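Read the structure below first, then the notes.
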2 protein chains.
Amino acid sequence: MNPQPALAPAPGDAACNPAGPPALDAAQAKEQAVVFKALADPNRLRLLSIIKTAPTGTVCVCDLTDPLNLTQPTVSHHLKVLLDAGLLQREKRGIWAYFSLTPGALDHIAGSLARL
Amino acid sequence: MNPQPALAPAPGDAACNPAGPPALDAAQAKEQAVVFKALADPNRLRLLSIIKTAPTGTVCVCDLTDPLNLTQPTVSHHLKVLLDAGLLQREKRGIWAYFSLTPGALDHIAGSLARL
DNA sequence: ATGGCGTATCGACGCACATCAATGTCGGTC
DNA sequence: GACCGACATTGATGTGCGTCGATACGCCAT
């Protein structure tokens, strides 16, 4: 590895850097990956978008199945993923479950991106 | 759907919102999901972190296998995923392939998060 | 209590993905 | 030319995930 190849080093020399500590340890990486996994599905992104742009900021499940053309169990599953990732909040009121964005969650993700 | 249930409407009334257009169409959602899919793996996050914090900002593959404890083909695969997502740039110089962050790519993702 | 409705959970199916070993390709050296 | 080293690609394998139908759970009205 990194044998100082005697040819074509970096433009200002200093070819390969042995790369010391991983800069981001495995635990932190795994933790952040969970959040990005939650965002790595088109339907979940649309769910977030719908909830965010809703007039009241809160939406119940029955209003989410139609726009996405998904069955109720599937929507419920996606909402749980977003919930577990800390992106959504759930409030049960009577029969209905109202979902809303966790305040500052998206900003927090944007921050972690910049802090990579 | 949304039967005006005669019980427990939203706090300021206005219970369920029929949720008009999906706010984020399927094509845009699928496109953004590709980027988040690329970020949804701990090892790829560590790759980005290593490359970003490298003194020169450019790293070759041979210096990436050891910190991640992965084989060379696996690292190459992950780099290709990040490349296809537009997060990395590749520059072949002699025998080596140098990878660097695409300028502004992370900022662009942060922006798309805020624009959900 | 009985029934109906909104939601969550379960089991199963199929597809996508992460990983590795083996191989292929390209550039430089002898 | 022949050889070596860095990287990419291929094929195979195990795991994870999205989706659905069926079912279970709570809450309310009758």
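Keep in mind the model is a prediction, meaning the values are calculated, not measured. Heavy-atom basis, side chains included; hydrogens, waters and symmetry copies ignored. Protein chains get the first letters and strands the later ones, always in sequence-line order, with residue 1 at the start of each.
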Run the side-chain donor-acceptor check on residues 26-34 of chain B: report pairs under 3.5 Å with partners two or more places apart or on a different chain.
unit_1	atom_1	unit_2	atom_2	d
B:Q28	NE2	B:D25	OD2	2.8

Mind listing the side-chain donor-acceptor pairs of residues 100-108 of chain B below 3.5 Å, one per line with the distance, residues two or more places apart or on another chain?
unit_1	atom_1	unit_2	atom_2	d
B:T102	OG1	B:G86	O	3.0
B:T102	OG1	B:L87	O	3.4
B:T102	OG1	B:L88	N	3.4
B:T102	OG1	B:L88	O	3.3

Practice prompt. Please lay out, stage by stage, how B:L68 and B:R46 fare under the test side-chain contact (heavy atoms from CB on, under 4.5 Å).
Written response: CA-CA 8 Å; B:L68 296 189; B:R46 300 182 81 187; 3.6 Å; yes

Between the protein and nucleotides 20-24 of chain C, which nitrogen or oxygen pairs are less than 3.5 angstrom apart?
unit_1	atom_1	unit_2	atom_2	d
C:dC20	OP2	B:T71	N	3.3
C:dC20	OP2	B:T71	OG1	3.1
C:dC20	OP2	B:T74	OG1	2.8

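Under the salt bridge (Lys or Arg N to Asp or Glu O under 4.0 Å) criterion, B:K80 pairs with B:D84, not counting sequence neighbours.
Contact between the side-chain N/O atoms of A:R93 and the OP1/OP2 oxygens of D:dC27 is not found at any separation under 4.0 Å. Side-chain N/O atoms of B:R90 include none lying less than 4.0 angstrom from OP1 or OP2 on D:dC7. Between A:H77 and D:dG18 there is a side-chain polar atom (N or O) within less than 4.0 angstrom of OP1 or OP2.
In this structure, B:R93 is positioned above the aromatic face of B:Y98, its NZ or CZ under 6.0 Å from the six-membered ring centre and within 45° of the axis.
Neither A:L48 nor A:V81 shares a network with the other; the hydrophobic side chains, linked directly or stepwise wherever heavy atoms of I, L, V, M, F, W or Y lie under 4.5 Å apart, form separate groups for each.
Annotation: proximity of residues 30-44 of chain A to DNA chain C (heavy atom, distance under 4.0 Å) is found for no residue. Contacts with DNA chain D (heavy atom under 4.0 Å) in residues 78-87 of chain B: B:K80, listed by number.
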